[in-house]
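Have a look at the structure below before the remarks.
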Amino acid sequence: MLRAAINLANPVLFKADAASGAPGGVAVDLAAGLARRLGVDIEVVALPSAKECVRAVQDGAADIGFFAIDPLRGDTLHFTPPYVLMEGVYVVRDDAPITRTGQVDRPGHRVAVGAGSAYALHLARELRHARVVEAPGSGQAVEVFLRDGLDAAAGVRQQMRADLERHPGLRMLDERFMAIHQSMATARARGPAATRCLDAYIEDAKRDGRVAAALARHGVDGAAVAPPGYPRD
């Protein structure tokens, strides 16, 4: 049995089946492909946030997960080469004076971001003046931003675009604040045989078009397939 931790809050990687409500999306497709390659069944461990998915893989409650590469996670997790490249962006109110990404990091500014996400970890390291305010998950960052009167919300461009459609009066800054390299991961404690297996699978899936096909099948726009051999950092 291959247990795959799937982040329900990531709209690029997770998409429930419209008819049955069963877990689906790019991450589920890739996990199922790995299970077929290994000749085992798959169990989807569906969790509400990246933070909980990371913990499940670290603690052995799941065998693999789908995370953005981040050095803080690298102590306990092995990341494959990235298979999808995405962008982290800010959302602000229409009447906000903020027009460029660099203007977010000002004294007194507060930024909503999903707890435990790669961009939350990145912003906690990189912001020198603004304060990060954690929402329970990536899908709630804009709600926390609006509810608490914060200055910006941060997240994956696809999620932010969807939130703009639900909340009039907001705008997304065009410039990204980080590049997000999406990877498959497993616990380092599983050893080199497991990590080599995952690396080879992801490289094959990029090369033979499976990643591109999954993005197209689930209608994911704005995410690019990482080229074969693309570096982890």
Side-chain angles (χ1 to χ4, degrees), residues 1-70 73-86 116-118 156 180-220 223-233:
M1 179 73 71
L2 178 71
R3 300 165 301 164
I6 304 296
N7 178 9
L8 301 181
N10 188 324
V12 177
L13 303 181
F14 171 77
K15 189 175 185 180
D17 182 86
S20 66
V26 174
V28 174
D29 287 0
L30 291 177
L34 177 61
R36 287 192 297 271
R37 182 163 172 152
L38 297 174
V40 299
D41 292 331
I42 183 173
E43 176 186 346
V44 173
V45 181
L47 296 168
S49 70
K51 187 174 184 178
E52 293 185 55
C53 288
V54 168
R55 187 182 301 119
V57 176
Q58 289 172 330
D59 294 347
D63 302 305
I64 62 168
F66 297 83
F67 313 123
I69 296 172
D70 185 90
R73 298 168 174 171
D75 290 343
T76 57
L77 298 180
H78 168 82
F79 295 103
T80 68
Y83 61 90
V84 165
L85 307 178
M86 300 184 294
S117 64
V156 174
I180 299 171
H181 294 172
Q182 198 70 33
S183 167
M184 184 183 283
T186 192
R188 287 191 177 276
R190 294 186 179 274
T195 60
R196 285 195 299 266
C197 173
L198 289 192
D199 288 356
Y201 170 68
I202 286 298
E203 288 297 310
D204 288 346
K206 291 189 294 184
R207 191 174 293 109
D208 66 19
R210 273 175 286 173
V211 175
L215 292 172
R217 182 162 51 250
H218 296 290
V220 177
V225 179
Y230 197 91
R232 290 177 177 83
D233 53 9

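What's counted below: heavy atoms across the whole structure, side chains too, no hydrogens, waters or symmetry copies.
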Could you tell me the separation between the [atom1] atom of [X] and the [atom2] atom of [Y], rounded to the nearest 0.5 Å?
{"X": "F67", "Y": "T80", "atom1": "CZ", "atom2": "OG1", "result": "11.0 Å"}
{"X": "C197", "Y": "M184", "atom1": "SG", "atom2": "CE", "result": "9.0 Å"}
{"X": "R188", "Y": "F79", "atom1": "CZ", "atom2": "CZ", "result": "8.5 Å"}
{"X": "S117", "Y": "I180", "atom1": "OG", "atom2": "CD1", "result": "8.0 Å"}

Which pair of heavy atoms, one from [X] and one from [Y], lies closest together, and at what distance?
{"X": "I64", "Y": "L2", "answer": "CD1-CD2, 4.0 Å"}
{"X": "D199", "Y": "P81", "answer": "OD1-CD, 3.5 Å"}
{"X": "A68", "Y": "R73", "answer": "O-NH1, 2.9 Å"}
{"X": "M86", "Y": "A223", "answer": "CG-CB, 4.0 Å"}
{"X": "P228", "Y": "R207", "answer": "CB-NH2, 4.0 Å"}
{"X": "A9", "Y": "N7", "answer": "N-OD1, 2.9 Å"}

Donor-acceptor contacts under 3.5 Å from residues 30-53 side chains, at least two apart:
from	atom 1	to	atom 2	distance (Å)
R37	NH1	D204	OD2	2.9
R37	NH2	D204	OD2	2.9
S49	OG	E52	N	3.2

Side-chain donor or acceptor of [X] paired with backbone N/O of [Y] under 3.5 Å:
{"X": "Q58", "Y": "L77", "result": "no"}
{"X": "R190", "Y": "T195", "result": "no"}
{"X": "K15", "Y": "G24", "result": "no"}

>> If you apply the rule side chain to side chain contact (heavy atoms under 4.5 Å, CB included), what do you find for L13 with I6, and how did you get there?
In response: CA-CA 8 Å; L13 303 181; I6 304 296; over 6 Å; no
> What's the verdict on side chain to side chain contact (heavy atoms under 4.5 Å, CB included) for L85 and Q182, showing C-alpha distance, side-chain angles and the deciding distance?
Replying inline: CA-CA 6 Å; L85 307 178; Q182 198 70 33; over 6 Å; no
> So do L215 and V26 actually touch side chain to side chain, heavy atoms under 4.5 Å?
Replying inline: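 The answer is yes; the side chains approach within 4.5 Å.
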>> Show, in sequence, the C-alpha distance, side-chain angles and deciding distance for F66 and Y83, and conclude whether the side chain to side chain contact (heavy atoms under 4.5 Å, CB included) test is met.
In response: CA-CA 10 Å; F66 297 83; Y83 61 90; 3.3 Å; yes
> Do the charged groups of D29 and R210 touch, with an N to O distance under 4.0 Å?
Replying inline: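 So D29 does not pair with R210 through a salt bridge.
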